[in-house]
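Sequence lines set the chain letters: A, B, ... in the order given, protein chains first and strands last, and positions in each chain run from 1.
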Amino acid sequence: MFALIDGNNFYVSCERVFRPSLNGVPVVVLSNNDGCCVARSNEAKDLGIKMGQPWFEVKHLERIVGLVGLSANFVLYGDISDRMMSIAAGLGPTQEVYSIDESFIGMDGVRGDLVRRARTVRERILQWIGIPTCVGMAPTKTLAKLANHVAKTAERKPGSYPAELAQVCNFGALPAAELEAVFKATEVNEVWGVGRRIGRQLVDAGVTTVWDLANLDVAAVRGRWGVVLERTVRELRGQTCIGLDDAPEPKQQIACTRSFGRPVSALAPLEQAVSEFASRAAEKLRSQRGAAASVLVFVRTSPFRQGPQYSRSIVVPLRRPTADSRLLGTAAIDGMRAIWREGHDFAKAGVMLLDLEDEDRCQGELDLDVQEGSSRDTRRLMAAVDAVNGRFGKGMIHVGSTGQSGPPRAWGMRQERRTPQYTTQWSDVPVARA
DNA sequence: TCTGGGGTCCTAGGACCC
DNA sequence: TCTGGGGTCCTAGGACCC
């Protein structure tokens, strides 16, 4: 048995904790550069605003209906997420934190009334943190996701599903006839693992509801769509194919990519950008005690603009695996010099660290390298950088690879919102509900 | 004018080997 | 003249997720 608990309209709910005046108002939280809507309040959803919709397309609603667009504050959301997850863990013996706003809970061995238990946990999260949540429970993860969808939709759109399924929905306690009715009332593209493309193909084949999908022949599904969708179908029938991942492996690749606030064509600001991207990626790398053996750099024009498009990437191999910001930054700059071309308006660039290894496995080699300084000194320097940035905010200092480091504004990107005071004052004392 | 960022998994096809 | 077939590894690209 699995539970899926997630925060409703999570980023918007986080903002409302500190600005209660936003309750009842249509609110969206915007991505980097205030580009797209990445979270919407119920009121904003009711206005027809889509996930990922460009802000310029809906900005006029500010004047007309009082829509509020907020720049994202990911440091804040991360802190609130941590607290929410630790309370959610009380639901059952094992937990997989699946994303910033949702976690699966393994419910095996939990006795008693599961719905009551889930209601208690979500009440606690609402009272202590101020975040409204929904819980779905079922014998497989795919079904738990679906139950969670039902719990949210029953609350947001009364009449769509039986009212008693709102907020907490346990498929395991539902009679077969009711479960069938729910499956038949739910569109196939709501299923976890059915995206835009496969959803369209399914509908074209006459498979429009969850009920239709669950009753397809598994061999036929495998033949036409592959093993991934086959697993989904089996999970919809209650057969566990996807287990709980409560001890995730270290990441296999680490990326830092950004769109620019305005087009950039010159080489120098692009070098500076990828140098900082490499530095940020290296921080993440060190936090999982890893080392990268190669660096991928890419740059591209905007696919939304007319005119000649240019998009290139290059993989720069390193002499040996490292987590040193300076070496990774130098490699990123080398890569950018190799792929940059004169005369283009670039819209985005990025750095990805690839072929990651465990730090300890390359330690011996590093120690032999006198040219690049001892690995102990390097590690102390990097630890100091990480400590300062942890204390005063991400990107506060950054080890240069070009000797001409400057503020990120030089390449036209709006600064991310930071709340260092908030993170340092944030203790284990529960916050009163706003 | 203005269009996010960071991941995972699977598959097909080419290179290479025996 | 006539030139196999199977296995493995790697990579690029597609699809999905939030």
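In this structure, A:V227 and A:P263 both approach DNA chain B, and ranking their closest nucleotides by distance from the 5' end singles out A:P263. If A:Q253 and A:G52 are placed on DNA chain B by their nearest nucleotide, the residue sitting closer to the 5' end is A:G52.
A straight line from OH of A:Y11 to P of B:dG6 spans 11 Å, rounded to a whole angstrom. Summarising the geometry, the separation between CZ on A:R262 and P on B:dT3 is reported as 13 Å, rounded to the nearest angstrom. Here the P atom of nucleotide C:dC17 and the CZ atom of A:R197 are 14 Å apart, to the nearest Å. Regarding A:F74, its CZ atom lies at a distance of 11 Å from the C1' atom of C:dC18, rounded to whole Å. If you take CH2 of A:W192 and C1' of B:dC9, they are 12 Å apart, rounded to a whole angstrom. Rounded to an integer number of Å, the gap from A:N33 CG to B:dT1 P is 18 Å. Going from atom CE of A:M352 over to atom P of B:dT8 covers 9 Å, rounded to whole Å. In this entry the distance linking CD of A:E249 with P of B:dT8 reads 11 Å, nearest Å.
Heavy atoms of A:V29 sit nowhere under 4.0 angstrom from any nucleic acid atom. Counting any heavy atom pair closer than 4.0 Å across all strands shown, A:K251 reaches sugar-phosphate atoms only and no base atom. No engagement by A:W55 is indicated, since no non-hydrogen atom pair under 4.0 Å with the nucleic acid exists. Residue contacts shown for A:I254 are limited to sugar-phosphate atoms, with no base heavy atom under 4.0 Å away. Across all strands shown, A:Q53 has no heavy atoms under 4.0 Å from either base or sugar-phosphate atoms. Contacts of A:K145 with the nucleic acid, taken as non-hydrogen atoms under 4.0 Å apart, involve only primed sugar atoms and P, OP1 or OP2.
Distances from the side chain of A:C256 to the nucleotides C:dC18, B:dG6, C:dC16 place B:dG6 closest. Here the side chain of A:R305 is nearest to one of C:dC18, B:dC2, B:dC10, namely B:dC2. Comparing B:dG4, B:dC10, B:dG7 against the side chain of A:V228 picks out B:dC10 as the nearest.
Checked against a 6.0 Å centroid threshold, the rings of A:W192 and A:F104 count as neighbours.
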TODO: Give DNA chain C the dot-bracket treatment, 5' to 3': Watson-Crick (N1-N3 with N6-O4 or O6-N4) or G-U (N1-O2, O6-N3) under 3.5 Å, [ ] crossing, | other strand.
DONE: ....||||||||||||||
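Phosphate contact (OP1/OP2 of B:dG5, side-chain N/O of A:K348, threshold under 4.0 Å): present. Residue A:R231 has no polar side-chain atom (N or O) positioned under 4.0 Å from OP1 or OP2 of B:dC9. In terms of phosphate contacts, A:R258 brings a side-chain nitrogen or oxygen within less than 4.0 Å of OP1 or OP2 of B:dG6. A sub-4.0 Å separation between OP1 or OP2 of B:dG6 and a side-chain N or O of A:T257 is present. Within the structure, a side-chain polar atom (N or O) of A:Q252 is placed less than 4.0 Å from OP1 or OP2 of B:dC9. For the OP1/OP2 pair of B:dT3 and a distance below 4.0 Å, the side-chain nitrogens and oxygens of A:S31 include no atom meeting the criterion.
A gap of 15 Å separates the C1' atoms of C:dG4 and B:dC16, to the nearest Å.
Between A:Q95 and A:M85 the shortest heavy-atom distance is NE2-O, 3.1 Å. Across A:E357 and A:A293, no two heavy atoms sit closer than the pair OE2-CB, 4.5 Å. Counting all heavy atoms, side chain and backbone alike, A:A349 lies closest to A:F260 at CB-CZ, 3.7 Å.
Between A:E180 and A:K184 there is a salt bridge, with a side-chain nitrogen of the basic residue lying less than 4.0 Å from a carboxylate oxygen of the acidic one.
For the pair A:R300 and A:F298, the cation-pi test (distance below 6.0 Å, angle within 45°) is failed.
Each of A:N8, A:N9, A:D46 was scored for a side chain to side chain donor-acceptor pair (under 3.5 Å) with A:R156, with one residue passing: A:D46.
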TODO: Determine, step by step, whether A:Q201 and A:W225 satisfy the side-chain hydrogen bond (donor to acceptor under 3.5 Å, both in side chains) criterion, reporting the C-alpha distance in whole Å, the side-chain angles of both residues, the deciding distance to 0.1 Å, and the verdict.
DONE: CA-CA 10 Å; A:Q201 292 169 356; A:W225 285 284; 2.7 Å; yes
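Below 30°, between 30° and 60°, or above 60°: for A:F346 and A:H344 the angle between ring planes is between 30° and 60°, a tilted geometry.
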